[in-house]
Amino acid sequence: EAPPAAPSTNAARKPADDEMRVIEAAVKACQTPLAFVCMDGGIFDSNLAFNQLLGYQSSELLGNTIYMHATPTDIAPLMSAVCNLITDQIANCKLSIKLQHKD
């Protein structure tokens, strides 16, 4: 007798997709400013609180980097922390930086 067929890719993806939608909705509704940033510093998503904090619309932030919005004195420590994460010199870090408002 043949083994049972593996679930289809679409069926396996559905719970993960549902979970991501719940997470995305929670982030968007959160009152704490949050931005999703790639390892190169590129901003690929943010919530309304983050957008209001910086004075931008989401569409204006897409394609920008977090470095573009950091204060000049915070750029070097931020880049150093990201470099250390990318090169596995550290597993995680907590860093407070100041971001500049659009105006």
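For the 3.5 Å distance criterion, the side chains of Gln57 and Ser59 fail to qualify, holding no donor opposite an acceptor.
When each of His69, Gln100, Lys102 is paired with Leu54, the side chain to side chain contact (heavy atoms under 4.5 Å, CB included) condition holds for His69 and for no other. Among Arg21, Met20, Glu19, the one residue that satisfies the side chain to side chain contact (heavy atoms under 4.5 Å, CB included) test with Asp17 is Arg21.
At distances below 3.5 Å, not a single donor-acceptor pair connects side-chain atoms of Lys28 with backbone N or O atoms of Ile23. Side chain of Asn84 to main chain of Gln89: no donor-acceptor pair is present (N/O by atom type, distance under 3.5 Å, no hydrogens or angles).
Annotation for Asn47 and Cys30: closest pair ND2-O, 3.3 Å, computed over non-hydrogen atoms. Minimum heavy-atom separation, Leu62 to Phe44: CD2-O, 3.3 Å. What you find for Ile66 and Leu99 is that their closest heavy atoms are CD1-CD2, 4.1 Å. Contact record, Leu78 with Ile97: CD2-CD1, 3.8 Å, taken as the closest heavy-atom pair. Residues Tyr67 and Gly41 approach most closely at CE1-CA, 3.8 Å, considering heavy atoms. Of all heavy-atom pairs spanning Pro77 and Leu95, the tightest one is O-CD2, 3.9 Å.
Leu53 and Ile43 fall into different hydrophobic clusters, where Ile, Leu, Val, Met, Phe, Trp and Tyr side chains are chained together by heavy-atom contacts under 4.5 Å. Hydrophobic clustering (side-chain heavy atoms under 4.5 Å, transitive across Ile, Leu, Val, Met, Phe, Trp, Tyr) keeps Leu61 apart from Phe36. Residue Leu34 is not grouped with residue Leu48 when hydrophobic side chains (ILVMFWY) are merged at heavy-atom distances under 4.5 angstrom, including chains of intermediate members.
Side chains of Ile86 and Val82 form a contact here, defined as non-hydrogen atoms less than 4.5 Å apart. Inter-residue side-chain proximity for Glu60 and Asn51 is flagged as unmet; no heavy-atom pair is nearer than 4.5 Å.
Lys98 pairs by the side-chain contact (heavy atoms from CB on, under 4.5 Å) definition with Thr71, Asp74, not counting sequence neighbours.
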